[in-house]
Amino acid sequence: MRPDPVFVITGPSGAGKGTLIRALLERVPVLEVAVSATTRPQRPGETDGVEYHFLDEHAFVARIEEGAFLEHVQYVSGKRYGTLRSEMQRVADDGRVCVLELELEGALRVQEEVEGSVTLFIAAPVEELERRLRERATESTGEIEDRIALARYQLEQAHRFRYMVRNDDLARATGTLTAIVEQELEFAATMAAS
Ligand code: 5GP
């Protein structure tokens, strides 16, 4: 039997992945985001267990050693992020379809390793990314520069993913993303029934 699809959404910081994913979840209620673990500090307005499971370095490394992560990376400024297998299982147990929001290397790893993964790269012009990161101002200036340099590199990697959605207009990008996801779900349901 074909596995259920797992939607992996990636793209540079500031491309609007978070906003797009929220809009997607409203339109396709069967989807649920698997909450990642991270060692980065909690931002104002974030809740432990909702945006992330916030762990300290020691706890994160212990989870790596237990084999708790499907994939994990060290991102800019050495902060760790990882996809918890237990979270993906929780989503499946709820009878829902899993969405992962990952940076590029993690998305490529899942694409290679998880049968049924459908990768979507969210792109936006670099100037737009820079403006959004500076407006959000949740990182230090040095860290924003690092994220912008990384974003330039990442935009060149878009071709490595199954789909690319350009987010220069939120309504249009939401429509495109929703259509792709619905098409993939329909395909998976048809294959499962045949
Ligand atoms: P932020 O610190 O802005 O919340 O996230 C930074 C980057 O980490 C984003 O590109 C986000 O997609 C990525 N990210 C979040 N969770 C994970 C994860 O579990 N694994 C990987 N590889 N990247 C993640």
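When a ligand or atom number is given, it counts from 1 through the structure's own listing order. Index from 1, following the sequence.
Within 4.0 Å of ligand 1, heavy atoms belong to protein residues Lys17, Ser36, Arg40, Arg43, Tyr52, Glu71, Val73, Tyr75, Tyr81, Gly82, Thr83, Glu101, Leu102, Glu103, Gly106, Arg147.
Screening residues 15-64 for ring pair (Phe, Tyr, Trp, His ring centres under 6.0 Å) gives Tyr52-Phe54, Tyr52-Tyr81, Phe60-Phe69 as the qualifying pairs, with residues at least two apart or on separate chains.
Looking only at distances, no side-chain donor or acceptor of Thr178 sits under 3.5 Å from a matching main-chain atom of Leu24.
With no hydrogens or angles considered, no side-chain donor-acceptor pair links Ser117 and Gln111 at under 3.5 Å.
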### Message
What verdict does the salt bridge (Lys or Arg N to Asp or Glu O under 4.0 Å) test give for Arg147 and Glu130, after you've listed the backbone C-alpha separation in whole Å, the side-chain angles of each residue and the deciding distance to 0.1 Å?
### Response
CA-CA 9 Å; Arg147 284 188 181 227; Glu130 188 164 352; over 6 Å; no

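In Arg166, the CZ atom is not crowded: 12 or fewer heavy atoms of neighbouring residues, nucleotides or ligands sit closer than 6.0 Å. Environment of CZ in Arg152: sparse, with no more than 12 heavy atoms of neighbouring residues, nucleotides or ligands closer than 6.0 Å.
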